[in-house]
Amino acid sequence: MGGKALIQQVLLVDELQQWVEQYRSKASEGKCASYIPALDRTDPNQLGICIIEPTGKMHTAGDWEVPFTMQSISKVISFIAACCYHGIPYVLDRVDVEPTGDAFNSIIRLEMNKPGKPFNPMINAGAITTSSLLPGQTPDHKLRYLYAFFSKITGATPTVNEEVFLSEWENSHRNRALAHYLKDTGYLACEVEDALEVYLTQCSIEVTTEQIALIGLLLALDGYHPMRNEQVLPKDVVRLAKALMLTCGMYDASGKFAANVGLPAKSGVSGGIMTLVPPNRKPHSPFQDGCGIGIFGPSIDGCGNSVAGVSLLKHMAQEWDVTIF
Ligand code: DON
(Lines give C-alpha, C1' and ligand atoms only; values in the text may rest on other atoms or scores of the structure.)
Protein backbone atom coordinates (compact mmCIF):
# COMPACT_ATOMS: atom_id res chain seq x y z
CA MET A 1 0.00 0.00 0.00
CA GLY A 2 1.29 3.46 -0.96
CA GLY A 3 1.77 6.17 1.67
CA LYS A 4 -1.25 8.18 0.52
CA ALA A 5 -3.54 5.13 0.55
CA LEU A 6 -2.28 4.16 4.01
CA ILE A 7 -3.02 7.64 5.36
CA GLN A 8 -6.51 7.54 3.82
CA GLN A 9 -7.15 4.12 5.39
CA VAL A 10 -6.08 5.32 8.87
CA LEU A 11 -8.25 8.44 8.50
CA LEU A 12 -11.31 6.37 7.51
CA VAL A 13 -11.00 4.10 10.54
CA ASP A 14 -10.38 7.11 12.84
CA GLU A 15 -13.50 8.78 11.53
CA LEU A 16 -15.56 5.60 11.83
CA GLN A 17 -14.50 5.06 15.44
CA GLN A 18 -15.28 8.65 16.32
CA TRP A 19 -18.74 8.49 14.69
CA VAL A 20 -19.59 5.17 16.33
CA GLU A 21 -18.87 6.69 19.75
CA GLN A 22 -20.82 9.82 18.80
CA TYR A 23 -23.95 7.90 17.72
CA ARG A 24 -23.88 5.13 20.33
CA SER A 25 -25.87 7.35 22.72
CA LYS A 26 -28.73 7.46 20.19
CA ALA A 27 -29.68 4.04 21.58
CA SER A 28 -31.62 5.85 24.32
CA GLU A 29 -34.09 7.08 21.67
CA GLY A 30 -35.27 3.51 20.95
CA LYS A 31 -35.38 0.12 22.64
CA CYS A 32 -34.59 -3.51 21.90
CA ALA A 33 -37.39 -5.52 20.26
CA SER A 34 -39.52 -6.74 23.17
CA TYR A 35 -42.06 -8.79 21.19
CA ILE A 36 -39.29 -11.39 20.78
CA PRO A 37 -38.38 -11.92 24.46
CA ALA A 38 -34.86 -13.22 23.74
CA LEU A 39 -33.98 -9.99 21.86
CA ASP A 40 -35.19 -7.84 24.74
CA ARG A 41 -32.28 -9.17 26.80
CA THR A 42 -29.65 -7.62 24.45
CA ASP A 43 -27.46 -4.70 25.62
CA PRO A 44 -29.06 -1.76 23.75
CA ASN A 45 -25.92 0.40 23.80
CA GLN A 46 -23.92 -1.71 21.37
CA LEU A 47 -23.02 -0.22 18.01
CA GLY A 48 -20.68 -1.70 15.44
CA ILE A 49 -19.89 -1.35 11.76
CA CYS A 50 -17.93 -3.26 9.14
CA ILE A 51 -17.24 -1.98 5.63
CA ILE A 52 -15.75 -4.32 3.01
CA GLU A 53 -14.19 -3.11 -0.23
CA PRO A 54 -13.87 -5.23 -3.41
CA THR A 55 -10.20 -5.88 -2.58
CA GLY A 56 -11.34 -7.55 0.65
CA LYS A 57 -10.04 -4.65 2.73
CA MET A 58 -12.17 -4.17 5.86
CA HIS A 59 -12.81 -1.04 7.91
CA THR A 60 -14.34 -1.79 11.30
CA ALA A 61 -15.34 0.04 14.47
CA GLY A 62 -17.19 -0.59 17.73
CA ASP A 63 -19.05 -3.84 18.39
CA TRP A 64 -18.60 -5.15 14.86
CA GLU A 65 -17.73 -8.70 15.95
CA VAL A 66 -20.82 -9.29 18.12
CA PRO A 67 -23.10 -12.03 16.67
CA PHE A 68 -26.77 -11.18 16.19
CA THR A 69 -29.69 -12.84 14.43
CA MET A 70 -30.42 -11.73 10.89
CA GLN A 71 -34.18 -11.34 11.34
CA SER A 72 -35.58 -9.44 8.36
CA ILE A 73 -32.19 -9.14 6.64
CA SER A 74 -32.71 -12.84 5.83
CA LYS A 75 -35.69 -11.82 3.64
CA VAL A 76 -33.27 -10.54 0.99
CA ILE A 77 -31.47 -13.88 0.89
CA SER A 78 -34.61 -16.04 0.80
CA PHE A 79 -36.06 -13.84 -1.95
CA ILE A 80 -32.89 -14.13 -4.04
CA ALA A 81 -32.76 -17.89 -3.36
CA ALA A 82 -36.40 -18.37 -4.42
CA CYS A 83 -35.83 -16.32 -7.61
CA CYS A 84 -32.69 -18.31 -8.45
CA TYR A 85 -34.61 -21.57 -8.14
CA HIS A 86 -37.95 -20.69 -9.76
CA GLY A 87 -37.06 -17.71 -11.94
CA ILE A 88 -38.23 -14.12 -11.32
CA PRO A 89 -41.69 -14.34 -13.06
CA TYR A 90 -42.78 -17.35 -10.96
CA VAL A 91 -41.91 -15.59 -7.70
CA LEU A 92 -43.44 -12.25 -8.74
CA ASP A 93 -46.70 -14.04 -9.59
CA ARG A 94 -46.91 -14.84 -5.89
CA VAL A 95 -45.44 -11.72 -4.25
CA ASP A 96 -45.55 -8.16 -5.58
CA VAL A 97 -42.90 -5.41 -5.63
CA GLU A 98 -44.89 -2.47 -4.21
CA PRO A 99 -44.01 -0.63 -0.97
CA THR A 100 -46.79 -0.44 1.61
CA GLY A 101 -45.96 2.44 3.94
CA ASP A 102 -47.31 0.16 6.69
CA ALA A 103 -45.56 -1.63 9.55
CA PHE A 104 -43.50 -4.71 8.65
CA ASN A 105 -46.00 -7.09 10.28
CA SER A 106 -49.18 -5.33 9.16
CA ILE A 107 -52.10 -7.46 8.00
CA ILE A 108 -54.37 -4.73 6.69
CA ARG A 109 -53.49 -4.76 2.99
CA LEU A 110 -53.91 -8.48 2.59
CA GLU A 111 -57.64 -8.12 2.99
CA MET A 112 -58.05 -4.60 1.61
CA ASN A 113 -56.57 -5.51 -1.78
CA LYS A 114 -58.12 -8.53 -3.45
CA PRO A 115 -57.02 -11.21 -4.15
CA GLY A 116 -54.66 -10.80 -1.18
CA LYS A 117 -51.30 -11.03 -2.91
CA PRO A 118 -48.58 -9.85 -0.49
CA PHE A 119 -47.25 -6.43 -1.50
CA ASN A 120 -43.52 -7.17 -1.37
CA PRO A 121 -41.05 -9.77 -0.07
CA MET A 122 -39.56 -7.45 2.59
CA ILE A 123 -42.69 -7.29 4.78
CA ASN A 124 -43.57 -10.36 6.86
CA ALA A 125 -46.52 -11.45 4.67
CA GLY A 126 -44.33 -11.44 1.55
CA ALA A 127 -41.38 -13.05 3.30
CA ILE A 128 -43.46 -15.91 4.75
CA THR A 129 -44.76 -16.50 1.21
CA THR A 130 -41.20 -16.47 -0.16
CA SER A 131 -40.06 -18.96 2.49
CA SER A 132 -42.90 -21.28 1.51
CA LEU A 133 -41.64 -21.16 -2.09
CA LEU A 134 -38.18 -22.49 -1.25
CA PRO A 135 -37.67 -25.92 -2.85
CA GLY A 136 -38.37 -29.05 -0.80
CA GLN A 137 -41.39 -30.84 0.69
CA THR A 138 -40.46 -30.29 4.36
CA PRO A 139 -39.13 -27.34 6.42
CA ASP A 140 -35.89 -29.29 6.74
CA HIS A 141 -35.43 -29.54 2.97
CA LYS A 142 -36.29 -25.90 2.41
CA LEU A 143 -33.85 -24.83 5.11
CA ARG A 144 -31.12 -27.05 3.74
CA TYR A 145 -31.50 -25.30 0.40
CA LEU A 146 -31.31 -21.90 2.11
CA TYR A 147 -28.28 -22.86 4.21
CA ALA A 148 -26.47 -24.16 1.11
CA PHE A 149 -27.30 -20.89 -0.65
CA PHE A 150 -26.02 -18.85 2.31
CA SER A 151 -22.80 -20.89 2.39
CA LYS A 152 -22.31 -20.54 -1.35
CA ILE A 153 -22.34 -16.77 -1.16
CA THR A 154 -20.68 -16.12 2.20
CA GLY A 155 -18.36 -19.13 2.40
CA ALA A 156 -19.61 -19.62 5.99
CA THR A 157 -21.76 -22.38 7.53
CA PRO A 158 -24.88 -20.80 9.04
CA THR A 159 -25.66 -21.33 12.71
CA VAL A 160 -29.14 -20.85 14.15
CA ASN A 161 -29.71 -19.23 17.53
CA GLU A 162 -32.17 -21.74 18.99
CA GLU A 163 -33.06 -19.53 21.95
CA VAL A 164 -34.15 -16.69 19.66
CA PHE A 165 -36.00 -19.13 17.37
CA LEU A 166 -37.96 -20.72 20.23
CA SER A 167 -38.67 -17.38 21.84
CA GLU A 168 -40.22 -16.11 18.60
CA TRP A 169 -41.88 -19.41 17.66
CA GLU A 170 -43.82 -19.38 20.92
CA ASN A 171 -44.89 -15.75 20.52
CA SER A 172 -45.52 -15.57 16.77
CA HIS A 173 -49.28 -15.06 16.85
CA ARG A 174 -49.25 -12.25 14.31
CA ASN A 175 -47.05 -14.15 11.84
CA ARG A 176 -49.33 -17.18 12.30
CA ALA A 177 -52.32 -15.00 11.52
CA LEU A 178 -50.59 -13.70 8.36
CA ALA A 179 -49.67 -17.25 7.30
CA HIS A 180 -53.22 -18.52 7.85
CA TYR A 181 -54.60 -15.67 5.79
CA LEU A 182 -52.09 -16.39 3.00
CA LYS A 183 -53.03 -20.06 3.12
CA ASP A 184 -56.69 -19.18 2.80
CA THR A 185 -56.07 -16.99 -0.26
CA GLY A 186 -53.87 -19.65 -1.87
CA TYR A 187 -50.56 -17.72 -1.79
CA LEU A 188 -48.79 -19.97 0.71
CA ALA A 189 -47.04 -22.83 -1.10
CA CYS A 190 -46.93 -25.19 1.93
CA GLU A 191 -48.59 -25.77 5.29
CA VAL A 192 -48.81 -22.83 7.74
CA GLU A 193 -46.62 -24.34 10.46
CA ASP A 194 -44.02 -25.46 7.92
CA ALA A 195 -43.78 -22.00 6.34
CA LEU A 196 -43.46 -20.43 9.80
CA GLU A 197 -40.73 -22.87 10.82
CA VAL A 198 -38.68 -22.00 7.72
CA TYR A 199 -39.29 -18.27 8.07
CA LEU A 200 -38.55 -18.03 11.80
CA THR A 201 -35.48 -20.26 11.48
CA GLN A 202 -34.00 -18.12 8.71
CA CYS A 203 -34.64 -15.05 10.90
CA SER A 204 -32.64 -16.76 13.68
CA ILE A 205 -29.48 -17.36 11.62
CA GLU A 206 -26.61 -15.70 13.43
CA VAL A 207 -24.27 -13.34 11.63
CA THR A 208 -21.81 -10.58 12.38
CA THR A 209 -21.51 -7.21 10.63
CA GLU A 210 -18.70 -8.75 8.56
CA GLN A 211 -20.98 -11.36 6.98
CA ILE A 212 -23.74 -8.92 6.10
CA ALA A 213 -21.14 -6.45 4.77
CA LEU A 214 -19.86 -9.21 2.49
CA ILE A 215 -23.38 -9.96 1.21
CA GLY A 216 -23.85 -6.20 0.73
CA LEU A 217 -20.64 -6.08 -1.31
CA LEU A 218 -21.86 -8.90 -3.59
CA LEU A 219 -25.10 -6.98 -4.12
CA ALA A 220 -23.16 -3.76 -4.80
CA LEU A 221 -21.28 -5.59 -7.56
CA ASP A 222 -24.44 -7.11 -9.11
CA GLY A 223 -23.69 -10.60 -7.80
CA TYR A 224 -19.97 -10.67 -8.63
CA HIS A 225 -17.65 -11.96 -5.89
CA PRO A 226 -14.48 -9.90 -6.37
CA MET A 227 -12.23 -11.91 -4.08
CA ARG A 228 -13.25 -15.22 -5.70
CA ASN A 229 -13.43 -13.69 -9.17
CA GLU A 230 -16.77 -15.41 -9.71
CA GLN A 231 -20.35 -14.43 -10.55
CA VAL A 232 -22.12 -16.03 -7.57
CA LEU A 233 -25.59 -14.51 -8.09
CA PRO A 234 -27.49 -13.60 -11.28
CA LYS A 235 -27.34 -9.90 -12.11
CA ASP A 236 -31.08 -9.48 -12.85
CA VAL A 237 -32.11 -11.04 -9.51
CA VAL A 238 -29.63 -8.89 -7.58
CA ARG A 239 -30.84 -5.71 -9.28
CA LEU A 240 -34.42 -6.58 -8.40
CA ALA A 241 -33.43 -7.27 -4.79
CA LYS A 242 -31.65 -3.88 -4.58
CA ALA A 243 -34.72 -2.08 -5.95
CA LEU A 244 -36.81 -3.77 -3.25
CA MET A 245 -34.28 -2.85 -0.57
CA LEU A 246 -34.43 0.80 -1.63
CA THR A 247 -38.23 0.99 -1.82
CA CYS A 248 -39.27 -1.41 0.97
CA GLY A 249 -36.16 -2.47 2.93
CA MET A 250 -36.60 -0.01 5.81
CA TYR A 251 -40.40 -0.53 5.91
CA ASP A 252 -42.48 2.57 6.61
CA ALA A 253 -39.25 4.58 6.92
CA SER A 254 -37.99 3.54 3.43
CA GLY A 255 -38.83 6.94 1.92
CA LYS A 256 -37.03 8.84 4.68
CA PHE A 257 -34.03 6.52 4.46
CA ALA A 258 -33.83 6.96 0.67
CA ALA A 259 -34.09 10.74 1.11
CA ASN A 260 -31.59 11.02 3.99
CA VAL A 261 -29.10 8.26 3.18
CA GLY A 262 -29.81 7.26 -0.43
CA LEU A 263 -28.57 3.67 -0.39
CA PRO A 264 -30.41 0.33 -0.79
CA ALA A 265 -30.64 -1.19 2.70
CA LYS A 266 -32.34 -3.90 4.72
CA SER A 267 -32.91 -3.79 8.44
CA GLY A 268 -33.80 -6.42 11.03
CA VAL A 269 -35.44 -6.05 14.46
CA SER A 270 -32.32 -7.38 16.18
CA GLY A 271 -30.67 -4.12 15.08
CA GLY A 272 -28.79 -5.16 11.96
CA ILE A 273 -28.66 -3.11 8.77
CA MET A 274 -27.18 -4.45 5.55
CA THR A 275 -26.42 -1.78 2.99
CA LEU A 276 -24.10 -1.09 0.10
CA VAL A 277 -22.47 1.53 -2.07
CA PRO A 278 -22.39 0.66 -5.79
CA PRO A 279 -19.26 1.55 -7.77
CA ASN A 280 -19.44 5.24 -8.66
CA ARG A 281 -17.32 7.84 -10.35
CA LYS A 282 -17.34 10.45 -7.58
CA PRO A 283 -13.76 11.70 -7.33
CA HIS A 284 -13.89 12.53 -3.61
CA SER A 285 -15.82 9.48 -2.43
CA PRO A 286 -13.62 6.98 -0.52
CA PHE A 287 -15.54 4.02 -2.01
CA GLN A 288 -15.47 4.63 -5.75
CA ASP A 289 -15.22 0.89 -6.45
CA GLY A 290 -18.20 0.18 -4.21
CA CYS A 291 -18.44 -1.50 -0.83
CA GLY A 292 -20.72 -3.53 1.41
CA ILE A 293 -21.69 -2.20 4.84
CA GLY A 294 -22.90 -4.14 7.88
CA ILE A 295 -24.20 -2.39 11.00
CA PHE A 296 -25.35 -3.67 14.37
CA GLY A 297 -27.12 -1.45 16.91
CA PRO A 298 -29.91 -3.31 18.74
CA SER A 299 -31.96 -0.38 20.00
CA ILE A 300 -34.68 0.08 17.35
CA ASP A 301 -37.27 2.74 16.53
CA GLY A 302 -41.02 2.35 15.97
CA CYS A 303 -40.46 1.17 12.38
CA GLY A 304 -38.10 -1.61 13.50
CA ASN A 305 -34.86 0.06 12.35
CA SER A 306 -31.68 0.55 14.44
CA VAL A 307 -31.80 4.11 15.79
CA ALA A 308 -28.05 4.54 16.18
CA GLY A 309 -27.39 2.61 12.95
CA VAL A 310 -29.61 4.85 10.83
CA SER A 311 -28.08 8.01 12.39
CA LEU A 312 -24.57 6.71 11.77
CA LEU A 313 -25.38 5.88 8.14
CA LYS A 314 -26.94 9.28 7.56
CA HIS A 315 -23.81 10.97 8.88
CA MET A 316 -21.48 8.74 6.84
CA ALA A 317 -23.46 9.22 3.63
CA GLN A 318 -23.22 12.98 4.00
CA GLU A 319 -19.56 13.13 5.05
CA TRP A 320 -18.33 10.68 2.42
CA ASP A 321 -20.79 11.67 -0.32
CA VAL A 322 -21.98 8.11 -0.85
CA THR A 323 -25.45 7.95 -2.37
CA ILE A 324 -26.90 6.29 -5.43
CA PHE A 325 -28.53 9.56 -6.46
O1 DON B 1 -41.14 -11.91 11.93
C2 DON B 1 -40.70 -11.06 12.69
O3 DON B 1 -41.41 -10.24 13.24
C4 DON B 1 -39.19 -11.04 12.91
N5 DON B 1 -38.66 -12.36 12.91
C6 DON B 1 -38.49 -10.25 11.84
C7 DON B 1 -39.04 -8.85 11.68
C8 DON B 1 -38.00 -7.86 11.37
O9 DON B 1 -36.83 -8.07 11.51
C10 DON B 1 -38.50 -6.52 10.98
N11 DON B 1 -37.38 -5.60 10.85
N12 DON B 1 -37.05 -4.59 11.12
Side-chain angles (χ1 to χ4, degrees), residues 30-40 42 44 68-79 95 99-107 110 118-132 139 143 146 158 160-182 188 192-193 195-207 212 215 244-257 264-275 294-310 313:
K31 58 188 183 59
C32 293
S34 55
Y35 77 101
I36 304 176
L39 295 185
D40 202 18
T42 316
F68 58 95
T69 53
M70 270 209 271
Q71 300 301 335
S72 288
I73 295 172
S74 71
K75 294 168 179 173
V76 178
I77 295 153
S78 55
F79 175 72
V95 55
T100 63
D102 299 325
F104 62 84
N105 54 7
S106 175
I107 201 160
L110 282 184
F119 266 52
N120 68 69
M122 301 294 133
I123 51 169
N124 289 13
I128 295 169
T129 305
T130 310
S131 301
S132 81
L143 284 167
L146 194 69
V160 172
N161 184 321
E162 292 292 336
E163 187 202 352
V164 172
F165 168 78
L166 283 175
S167 164
E168 190 171 10
W169 176 257
E170 285 158 7
N171 291 281
S172 223
H173 307 299
R174 196 176 258 267
N175 283 331
R176 273 200 175 76
L178 286 169
H180 276 288
Y181 197 88
L182 291 161
L188 209 66
V192 164
E193 292 301 305
L196 275 178
E197 186 177 333
V198 177
Y199 168 70
L200 296 178
T201 307
Q202 73 180 59
C203 285
S204 305
I205 293 175
E206 257 181 353
V207 287
I212 56 171
I215 301 170
L244 284 161
M245 287 165 72
L246 184 77
T247 52
C248 317
M250 305 298 276
Y251 304 110
D252 35 339
S254 297
K256 279 192 191 65
F257 191 85
K266 184 73 210 81
S267 62
V269 280
S270 53
I273 302 176
M274 174 172 81
T275 185
I295 293 214
F296 171 58
S299 176
I300 57 171
D301 61 20
C303 299
N305 302 324
S306 169
V307 190
V310 169
L313 276 170

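Worth knowing before you read on, the calculation uses all heavy atoms, side chains too, and leaves out hydrogens, waters and symmetry mates. The model shown is predicted, which means the values in this text are computed figures rather than measured ones. Both counts, for ligands and for their atoms, begin at 1 and track the order of listing.
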Distance from [atom] to nearest protein heavy atom, with residue and atom:
{"atom": "atom 1 (O) of ligand 1", "answer": "Tyr199 OH, 2.6 Å"}
{"atom": "atom 3 (O) of ligand 1", "answer": "Tyr35 OH, 2.5 Å"}
{"atom": "atom 9 (O) of ligand 1", "answer": "Ser72 OG, 2.6 Å"}
{"atom": "atom 4 (C) of ligand 1", "answer": "Glu168 OE2, 3.1 Å"}
{"atom": "atom 12 (N) of ligand 1", "answer": "Gly304 O, 2.9 Å"}

(message) Quick check for you: to the nearest 0.5 Å, what is the distance between Tyr35 atom OH and Asn105 atom CG?
(response) 6.0 Å
(message) How long is the straight-line distance from OG1 of Thr69 back to CD1 of Ile205, given to the nearest 0.5 Å?
(response) 10.0 Å
(request) Begin from the C-alpha positions of Asn305 and Ile273 and carry the test side-chain contact (heavy atoms from CB on, under 4.5 Å) through to its verdict. (result) CA-CA 8 Å; Asn305 302 324; Ile273 302 176; 5.5 Å; no
(message) Does either side chain, that of Ser172 or that of Tyr199, offer a donor lying less than 3.5 Å from an acceptor on the other one?
(response)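 No, because no side-chain N or O of Ser172 sits under 3.5 Å from a partner of the opposite role on Tyr199.
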(request) Answer yes if the side chains of Ser204 and Glu168 hold a donor-acceptor pair under 3.5 Å, and no otherwise. (result) no
(message) Heavy atoms only, cut-off 4.0 Å: how does Asn175 contact ligand 1, side chain, backbone, both, or neither?
(response) side chain
(request) Of the side chain and backbone of Val269, name the one, both, or neither that has a heavy atom under 4.0 Å from an atom of ligand 1. (result) both
(message) Please list, in number order, the atoms of ligand 1 under 4.0 Å from a heavy atom of Cys203.
(response)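 The atoms of ligand 1 under 4.0 Å from a heavy atom of Cys203 are 5 (N).
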(message) Within the 4.0 Å heavy-atom shell around Asn124, which atoms of ligand 1 are there?
(response)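 In order of number, 1 (O), 2 (C), 3 (O).
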(message) Using side-chain heavy atoms (C-beta onward) and a distance below 4.5 Å, is Pro298 in contact with Leu39?
(response)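 They are not in contact (no side-chain heavy atoms under 4.5 Å apart), so the answer is no.
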(request) Measure the distances from the heavy atoms of Asn105 to every atom of ligand 1 and state whether one is below 4.0 angstrom. (result) no
(message) For Ser72, run the side-chain contact (heavy atoms from CB on, under 4.5 Å) check against Met250, Met122, Lys266 and tell me which one passes.
(response)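 Exactly one candidate clears the test, Lys266.
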